[in-house]
Amino acid sequence: MKKVINTNQAPAAIGPYSQAVQAGNLLFVSGQLGLDPSTGEFVEGGVKAQAQQLFKNMRAILAEAGYTMADIVKTTVFLADMSDFAVVNEVYAAQFEGDYPARSAVAVKTLPKNGLVEVEVIAAK
């Protein structure tokens, strides 16, 4: 059994996918970008600001499904430029208290809408 999760507190999907899908006790959150949910545009301030915004978006989706950042068990970080890793890592580290989830981080050629960073997560209760 699966349940589609959607909230207007995070940017609407920019393609044929759901913000998140819950299957049993697992929540699969689609990759989030640093988009302002009210405008659909990237926040200003570069990769750090985009990373901070994408985690705000992530928290809103998690909350809609009844999860928190503490429930995240796996993340995948996509970077448009691996030289931004340290800045994104600093923002990332500040999002978690206690144990960190498992993580992969990769550089990609291009992100949707030419974003600088995208993060997807899997959460479990």
Side-chain angles (χ1 to χ4, degrees):
M1 183 170 117
K2 72 177 186 178
K3 177 182 177 185
V4 171
I5 306 299
N6 188 46
T7 176
N8 62 7
Q9 299 302 306
I14 56 175
Y17 61 90
S18 300
Q19 288 175 330
V21 174
Q22 185 175 3
N25 69 329
L26 296 176
L27 183 69
F28 300 87
V29 182
S30 294
Q32 293 301 301
L33 298 164
L35 299 171
D36 180 326
S38 63
T39 66
E41 300 298 324
F42 285 107
V43 294
E44 299 208 8
V47 71
K48 183 173 185 176
Q50 285 187 27
Q52 291 167 331
Q53 182 63 47
L54 78 81
F55 281 110
K56 289 179 188 174
N57 299 340
M58 188 72 65
R59 288 177 190 279
I61 295 167
L62 290 165
E64 183 69 22
Y67 289 74
T68 69
M69 295 293 286
D71 296 317
I72 295 174
V73 296
K74 172 70 169 85
T75 67
T76 305
V77 178
F78 303 95
L79 296 161
D81 185 341
M82 193 55 84
S83 68
D84 288 331
F85 181 82
V87 172
V88 171
N89 203 44
E90 179 184 322
V91 173
Y92 179 98
Q95 306 305 310
F96 300 97
E97 296 178 16
D99 297 331
Y100 293 106
R103 178 179 79 179
S104 301
V106 296
V108 296
K109 183 177 178 184
T110 308
L111 287 168
K113 298 184 83 167
N114 292 315
L116 301 175
V117 60
E118 179 176 6
V119 177
E120 67 179 19
V121 307
I122 301 169
K125 283 201 166 218

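Hydrogens, waters and symmetry mates are skipped; everything else that's a heavy atom, side chains included, is used.
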Linking I/L/V/M/F/W/Y whenever their side-chain heavy atoms sit closer than 4.5 Å, directly or via other members, would [X] and [Y] fall into one cluster?
X   : Y    : answer
L27 : F55  : yes
M69 : V73  : no
I72 : F78  : no
F42 : I61  : no
M58 : I122 : no

With no hydrogens and no angle check, is any side-chain donor or acceptor of [X] less than 3.5 Å from a backbone partner on [Y]?
X    : Y    : value
K113 : I14  : no
K48  : E90  : no
T75  : R103 : no
Q50  : G115 : no

So, do [X] and [Y] sit near enough that their side-chain heavy atoms are less than 4.5 Å apart?
X    : Y    : answer
K74  : S104 : yes
Q52  : V91  : yes
D71  : L62  : no
E118 : S30  : no
P112 : L33  : yes

Just wondering, more than 12 heavy atoms not from [X] lying within 6.0 Å of its [atom1]?
X   : atom1 : answer
K3  : NZ    : no
K2  : NZ    : no
N25 : CG    : yes

_V119 and side-chain contact (heavy atoms from CB on, under 4.5 Å): which single residue from V77, T76, V29, N57 fits?_
V77

In Å and rounded to the nearest 0.5 Å, what is the [atom1] to [atom2] distance from [X] to [Y]?
X    : Y    : atom1 : atom2 : value
K125 : T68  : NZ    : OG1   : 6.5 Å
D81  : K109 : CG    : NZ    : 14.5 Å
E44  : D36  : CD    : CG    : 10.5 Å

How close do [X] and [Y] get, heavy atom to heavy atom, and via which atoms?
X   : Y   : result
F28 : A23 : CE1-CB, 4.3 Å
S18 : V4  : OG-CG1, 3.4 Å
Q32 : A10 : OE1-CB, 4.5 Å
I5  : Q22 : CD1-OE1, 4.2 Å
P37 : P11 : CB-N, 3.7 Å

_Below 30° counts as parallel, above 60° as perpendicular, anything between as tilted: where do the rings of F96 and Y100 land?_
perpendicular

